[in-house]
Structure formats: C-alpha cells, structure tokens
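First comes the structure, then the notes that go with it.
Labels below follow one simple rule: chain letters A, B, ... track the order of the sequence lines, proteins then strands, and each chain is numbered from 1.
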2 protein chains.
Amino acid sequence: MGATKAEEFSVKDNRVARYARALAHPARVAILKLLISRQTCICGDIVDEMPLSQSTVSQHLKELKAAGLIKGDIEGAKVCYCIDEVEWNNAKNYMIDLFSAYKAADGKCC
Amino acid sequence: MGATKAEEFSVKDNRVARYARALAHPARVAILKLLISRQTCICGDIVDEMPLSQSTVSQHLKELKAAGLIKGDIEGAKVCYCIDEVEWNNAKNYMIDLFSAYKAADGKCC
DNA sequence: AAAATTAATCGTAATATTGCGATATAATAA
DNA sequence: TTATTATATCGCAATATTACGATTAATTTT
C-alpha cells in the first residue's frame, strides 16, 4: 500500500533522508555547485546552464528550497538564489556524522 | 514525459546523486546505522529491528547494495550484510567534497 | 499603455519508489 | 524426507518524482 511510513523512524534519520533526497538528482547537485561556484548569487541564469526547461528547473529550485539548502530573494522581476549557510552547515554536519560513524571493522566482517 | 534525463549531467554529479539517493529514505539510513553500530555484521536481525515487512526491508537492502554502500555474504541459509568500506569511503569523500566546496559568502549574497 | 521578460504554478504524462502479501528458492533441522 | 527457517523476488496498489508546455502574475522596457 501507501508510500512512506517515515513516522516510524527517528527524527534524525528523517532529517538525513530529507537532505539526501535533495541531493538525489544530478540536476540539483549541478544547481548547488553552480550556486557555490558563482560567489554572487544567480537567478534564471541557472536555467540557461541547465539542459532542462524553465519549469523543470524551477521545480528543482523549489525542492532545494523546501529542503532548506537554498534560499531565494526577489529582486524586481528576477529572483536571486543562494546557498542557505545555516542549513547547509547543518546538512554537512549530519552527513559527516553519518559517514564518520563508520570505522573500518578490523576484519570482523563478511 | 519521461523521468530522468540523467545522461545530461556529469558523471560526478550522477555519482553524488546516486549515493544521496541511497540515503534518501529513513529506513535505509537506519539500516546503515544498524550495520555500523553492530561491529559484527547482521542479517535478518535487521528485519526484526525495522518497522517494515521482510520483503520491504529486503528491497531496501537491495538498493543499498546497488548503490555499493553495503555488501552481503551468503552464510548458509542466512546472509550477512555489512558496510562496503571502499565504496563507503568513496561516498564519504564525494559528500565532503560537495559540502566543503561552499565557503560562506562574505555577505555578498541575498 | 502595450509588449517583453522573469519566474512560479497548473495540468498532464511517463516513470520510479515504497510497501505488502504471496510465492519461490535455498539451506538447515526434525 | 518432510518441515522449518531465511531471503529474495513477483505482482500489485498507492504515491512520489521528473519533465514539459501552457498559463499566470509580476515586473521592466519600449
């Protein structure tokens, strides 16, 4: 039946999953890297750089924003997007926590 | 139309997305943490620890294996799963690379 | 004011994910 | 051998994601 059952898992695990979900599409990874590489924030230039339609890019931006990783500021007719520093560092810490929790099992395994 | 268009993006971005995808469900995060916490590898104990059916857990394991993050060793009727050290470290590096590419823009942004 | 630009949203189609029960497969135990 | 246990896979239903064109709403430009 239904898709999800997320409530059954810890808040932390859901948080990690949420951040990971945001990175789970190459277009979104590419967008984030674009935002990072251009110190100054961009807007619809993102669309030009992506091999996707305007509406599709807009949806990816929406998802990144929903995950908290980016924020957008309206500047007249344009919108300026950039990394949300606080959430970004938060996500970074969650990921690092997860990945560094594992210490190579000294031959105990498989 | 279709879902995906992944070929349009770089191999690296696809790789990050693939790893992220594996972490994009709280059940899979929980499974990974379980495998990490029990030094010695587990098998169907995972099923007991998860609020999901055997078949669903099996599918999550399959996805984690497909992403390369874990590997399974058949031991008689049972299967012993554990973190795949090499791929794990690889994924870790990819994530750290992405997350540390961003240096707080000194007030230039939004 | 009319036309053009920018970006979000709606509607829709194609596909993927999540989840479960039932079934299949293989190994161990009785 | 038959029953039991352990996992994987199949088939199906519910939902979510990805993508696009068309439309909308809000600026700017002309």
Side-chain angles (χ1 to χ4, degrees), chain A residues 1-9 13-14 17-32 34-35 41-67 70-82 110, chain B residues 1-9 13-14 17-32 34-35 41-67 70-82 110:
Chain A
M1 290 113 186
T4 272
K5 216 157 190 181
E7 340 74 47
E8 304 273 9
F9 298 92
D13 289 353
N14 271 285
R18 202 161 64 78
Y19 287 131
R21 184 145 222 75
L23 304 178
H25 192 289
R28 290 195 291 272
V29 175
I31 289 172
L32 290 170
L34 229 196
L35 289 179
C41 10
I42 337 169
C43 7
D45 301 311
I46 302 171
V47 173
D48 299 335
E49 298 279 4
M50 293 295 142
L52 298 170
S53 76
Q54 181 267 320
S55 61
T56 302
V57 172
S58 185
Q59 221 183 317
H60 282 305
L61 287 168
K62 192 180 176 182
E63 277 164 60
L64 287 171
K65 208 161 61 177
I70 67 172
K71 55 186 174 176
D73 243 35
I74 297 170
E75 288 187 1
K78 305 187 179 183
V79 175
C80 170
Y81 282 102
C82 61
C110 297
Chain B
M1 290 101 188
T4 272
K5 216 156 189 181
E7 341 75 45
E8 303 273 9
F9 298 92
D13 290 353
N14 271 284
R18 202 161 63 78
Y19 287 131
R21 184 144 223 73
L23 303 178
H25 193 288
R28 292 195 289 273
V29 175
I31 290 172
L32 290 170
L34 229 195
L35 289 179
C41 9
I42 337 167
C43 6
D45 301 312
I46 302 171
V47 173
D48 299 335
E49 298 280 3
M50 294 293 143
L52 298 169
S53 76
Q54 181 267 319
S55 62
T56 301
V57 171
S58 186
Q59 219 184 318
H60 282 305
L61 288 168
K62 191 179 176 183
E63 277 164 60
L64 287 170
K65 208 161 61 177
I70 67 172
K71 55 187 175 176
D73 243 36
I74 297 170
E75 288 187 1
K78 305 188 180 182
V79 174
C80 171
Y81 282 101
C82 61
C110 297

Looking at [N], I'd like to know if its phosphate oxygens (OP1 or OP2) sit under 4.0 Å from a side-chain N or O belonging to [X].
X	N	result
B:Ser58	D:dT7	no
B:Ser55	C:dC20	no
A:Arg21	D:dT17	yes
B:His60	C:dG19	yes
B:Ser53	C:dC20	yes
B:Arg28	C:dT18	yes
A:Tyr81	C:dA8	yes
A:Lys5	C:dC20	yes

*Which comes earlier along DNA chain D counting from the 5' end, the contact point of A:Gly76 or that of A:His25, where each point is its nearest nucleotide?*
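This one resolves to A:His25.
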Give the rounded distance in Å between these two atoms: [atom1] of [X] and [atom2] of [N].
X	N	atom1	atom2	value
B:Asp48	D:dA6	CG	P	9 Å
B:Gln59	C:dT23	CD	C1'	15 Å
B:Leu52	C:dG21	CG	C1'	14 Å
A:Ile42	C:dT6	CD1	P	15 Å
B:Glu75	D:dA8	CD	P	13 Å
A:Ile74	C:dT5	CD1	C1'	16 Å
A:Lys65	C:dA7	NZ	P	12 Å
A:Glu7	D:dT15	CD	P	13 Å

Going from [atom1] on [X] to [atom2] on [Y], what distance comes out if it is rounded to the nearest 0.5 angstrom?
X	Y	atom1	atom2	answer
A:Ile46	A:Ile31	CD1	CD1	6.0 Å
B:Ile42	B:Asp48	CD1	CG	10.0 Å
A:Gln54	A:Gln59	CD	CD	11.0 Å

Q | Per B:Gln54 side chain, nearest of listed nucleotides D:dA8, C:dT18, D:dA6 | A |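 Taking heavy atoms from C-beta onward, the closest nucleotide is D:dA8.
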(Q) Given C:dA7, D:dC20, D:dT7, identify the nucleotide with an atom nearest to the side chain of A:Thr56. (A)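 Of C:dA7, D:dC20, D:dT7, D:dC20 is nearest to the side chain of A:Thr56.
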- prompt: A:Phe9 and B:Pro26: which non-hydrogen atoms are nearest, and at how many Å?
  reply: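 Closest approach of A:Phe9 to B:Pro26: CB-CB, 3.7 Å.
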Over all heavy atoms of both residues, which pair between B:Glu8 and A:Pro51 is shortest? Give the atoms and the distance, please.
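Closest approach of B:Glu8 to A:Pro51, heavy atoms only: CB-CG, 3.5 Å.
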Next item on the list: Would you mind telling me which residue lines up with the more 5' stretch of DNA chain C, A:Ala6 or A:Val79, judged by nearest nucleotide?
Entry: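 Of the two residues, A:Val79 wins.
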